[in-house]
Amino acid sequence: MSATTTLDRRSFRNAVGPGPSFFRVLNSEFIKFRTLMSTLILLASTAVVMVGFGALSAWGTGQFSEAALSDPEAAAAIAAQGGDLAVGVPTSGIAFAQLILGSLGVLLMSSEFTTGMARSTFAAVPKRLPAFLAKLVVVMVSAFALTAVSTYIAGLVSVPILDNYKLALDLGSSQSIKMLLVNSLYVAAVAAIGMALGTLIRNSAGGIMSLVGLFFVAPIAFQLIPGDFFVEARKYLPGNTITPLTAVEHVKDTLEVWQAALVLGAWVVVPVVLAMVLLKKRDV
Amino acid sequence: MIEAKGLTKVYGDKTAVGGVSFTVQAGQVTGFLGPNGAGKSTTMRMIMGLDAPTAGSVTVNGVPFAKHVAPLREIGALLDAKAVHASRTAYNHLLAMAATHSIPKKRIHEVIEMTGLGDVAKKKVKGFSLGMGQRLGIAAALLGDPQTIILDEPVNGLDPEGVVWVRNLVKYLASEGRTVFLSSHLMSEMALTADHLIVIGRGKIIADAPIRDIITGKGHARTRVRTDQPERLMQLLAANGVSVEAQDRELLEVTGLDPRGIARAALDHQVMVYELTPLQASLEEAYMELTKDEVEYHSHITTGAPVSAQAGGN
């Protein structure tokens, strides 16, 4: 059949329906998030680790404070902490939460590329960035919410244990609330960095290794390398911003609170923006 | 309608697609044929906006794919059976895709029924056979009830029943006025399914014509003739451009004359003919003829080996 007869044929015209608005893409990303068993397992294990470490830490802290009654060194250590050991107990598993949820951030994006799902995702959302931002929202909000809830439950579990050692933990105190919110925000930030790494590297193992390198290897390496430069540089690593952000008083060899907030913000914004630029440009 | 103009994709120093221009019309099935590495999948990915062209442009209904307000309702594509997270169930995969365009659940169930995935929809894609994976890919392509459908090797891994199903499905979709663009390395399948053929080799368009023209255009139309007077018929048909080959006692193969012409000659001289079969498989010959200089990966097989060995899809 020739082109002219083809054009003369009844031309199929679809009633134009709704397209990928940000809310719809967000809904789609949330469906993708909740329909993977591996994601749910990672979330559950984070909660278990957070609560478990909270309970362990409550027990350890109790033992330590009892020792302090007869040990002047331990007493001095407590005094150096502002006298309140218990307030840090609910968030003692935070290093593991950041590792697991940061890895989850990597995986949610890298798996798009390793499984080929990205072709479906970006065929549905060819502008790409709405899908990236929707996934970022899902990753950050879930990391924040899970950390906050786990921290609170860890606190509830810790209170009776600490009580045995005559230590008081008030989950409603301003420092407790600050610890919960700042740590949850911090884990959300780590998850965002993970997702940016997953987008840039597109490989699960490579992304997780980079994340571990940044948060766990670099601080130790920087400590081992002699020289003032590395002592100074160490403060600017993203994993070392959480101490000044949650401390009651300024801790030696760390940034000021406002500096720490800016540095952590930069550690999120720079890789995320880079990931967005490259995601838009690169072939899927 | 899909329009490619000077579409080019260069990877490093390798040109995958070298400035191809073609138009895929609505209302017919257009086949996309070419040997391995010819640039078929790359071209399809560029249509879908997944790969950016190095040069040139491609539009769908006059607009680049990414500029459409509702892309899934405009184009549906099966690019790769593995465009799915295998740990998700088929239903949840479709649910997530449908959510981006607020496609109702009713439509998800429709495409699941249409593609025969009803029994496995709630199972993880991990356990799917290649054929079921293809069916899921086709279901995803049809989800938005799109005007344009792109299918890369849709019958790959399907059982015979599935092959017939895809053939009927694409013909039906085209008859509704939709644009259907499908690649396949199964030339016999293409001969049965496509109305129009675009042949690509080493990133260049070698042929772009109605399938009938491609089969007959090169003088390769052959007809199998059975008659009880083979010698007499051979004499009658002997003319310029017509070659007749005796293959068996009463079996001839005629090249260069259509069945109607053979029948006319036989009727005029009262020669009984009891079989006249146009040999459709000649698409393979036409194709091999067209692509013989364009095959990227020569398999160095001796002549006489199955032709399909040189012409796998990607």
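Just so it is clear: chains get the letters A, B, ... in the order the sequence lines come, proteins before strands, and each one is counted from 1. As the structure is a prediction and not an experimental result, all values here were calculated from the model.
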Does anything in residues 203-217 of chain A reach chain B? List residues with heavy atoms under 4.5 Å apart, or say none.
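Under the 4.5 Å heavy-atom cut-off, nothing qualifies.
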What are the residues of residues 108-133 of chain A, in order of number, with any heavy atom under 4.5 angstrom from a heavy atom of chain B?
A:Ser111, A:Thr115, A:Gly116, A:Met117, A:Arg119, A:Ser120, A:Phe122, A:Ala123, A:Ala124, A:Val125, A:Pro126, A:Lys127, A:Arg128
Examine whether an atom of B:Tyr91 lies under 4.5 Å from a heavy atom of chain A, and if so say whether it belongs to the side chain, the backbone or both; otherwise answer neither.
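Contact with chain A: none, neither part.
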Non-hydrogen atoms of chain A under 4.5 Å away: do they reach the side chain of B:Ala140, the backbone, both or neither?
neither
Distance-only donor-acceptor pairs under 3.5 Å for side chains of residues 38-55 of chain A, two or more places apart:
from, atom 1, to, atom 2, distance (Å)
A:Ser45, OG, A:Ile41, O, 2.9
A:Ser45, OG, A:Leu42, O, 3.0
A:Thr46, OG1, A:Leu42, O, 2.7

Given the options B:Ile138, B:Leu142, B:Asp145, B:Val111 meets side-chain contact (heavy atoms from CB on, under 4.5 Å) only with B:Leu142
Where is the tightest heavy-atom contact between [X] and [Y], given as atom of each residue plus distance?
| X | Y | answer |
| --- | --- | --- |
| B:Val17 | B:Leu7 | CG1-O, 3.3 Å |
| B:Gly177 | B:Gln147 | O-NE2, 3.5 Å |
| A:Val139 | A:Ala191 | CG1-CB, 3.6 Å |

Taking B:His93, B:Lys67, B:Met48, B:Arg45 one by one, which has the highest count of heavy-atom pairs under 4.5 Å against chain A?
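Highest number of pairs under 4.5 Å: B:His93.
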Could you check, using the six-membered ring where one of them is a Trp, whether B:Phe22 and B:Phe181 have ring centers closer than 6.0 angstrom?
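B:Phe22 vs B:Phe181: aromatic centres under 6.0 Å.
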Just by modelled atom types, is the [Y] backbone N or O under 3.5 Å from a matching donor or acceptor in the [X] side chain?
| X | Y | answer |
| --- | --- | --- |
| B:Thr8 | B:Gly6 | yes |
| B:Gln28 | B:Ala174 | no |
| A:Thr91 | A:Ile94 | no |

Strictly by modelled atom types, are B:Ser102 and A:Arg24 linked by a side-chain donor-acceptor pair under 3.5 Å?
yes
Show me the donor-acceptor pairs, under 3.5 Å and distance only, between side chains in residues 145-154 of chain A and residues at least two apart or in other chains.
from, atom 1, to, atom 2, distance (Å)
A:Thr147, OG1, A:Ala143, O, 2.6
A:Ser150, OG, A:Leu146, O, 2.6
A:Thr151, OG1, A:Thr147, O, 2.6

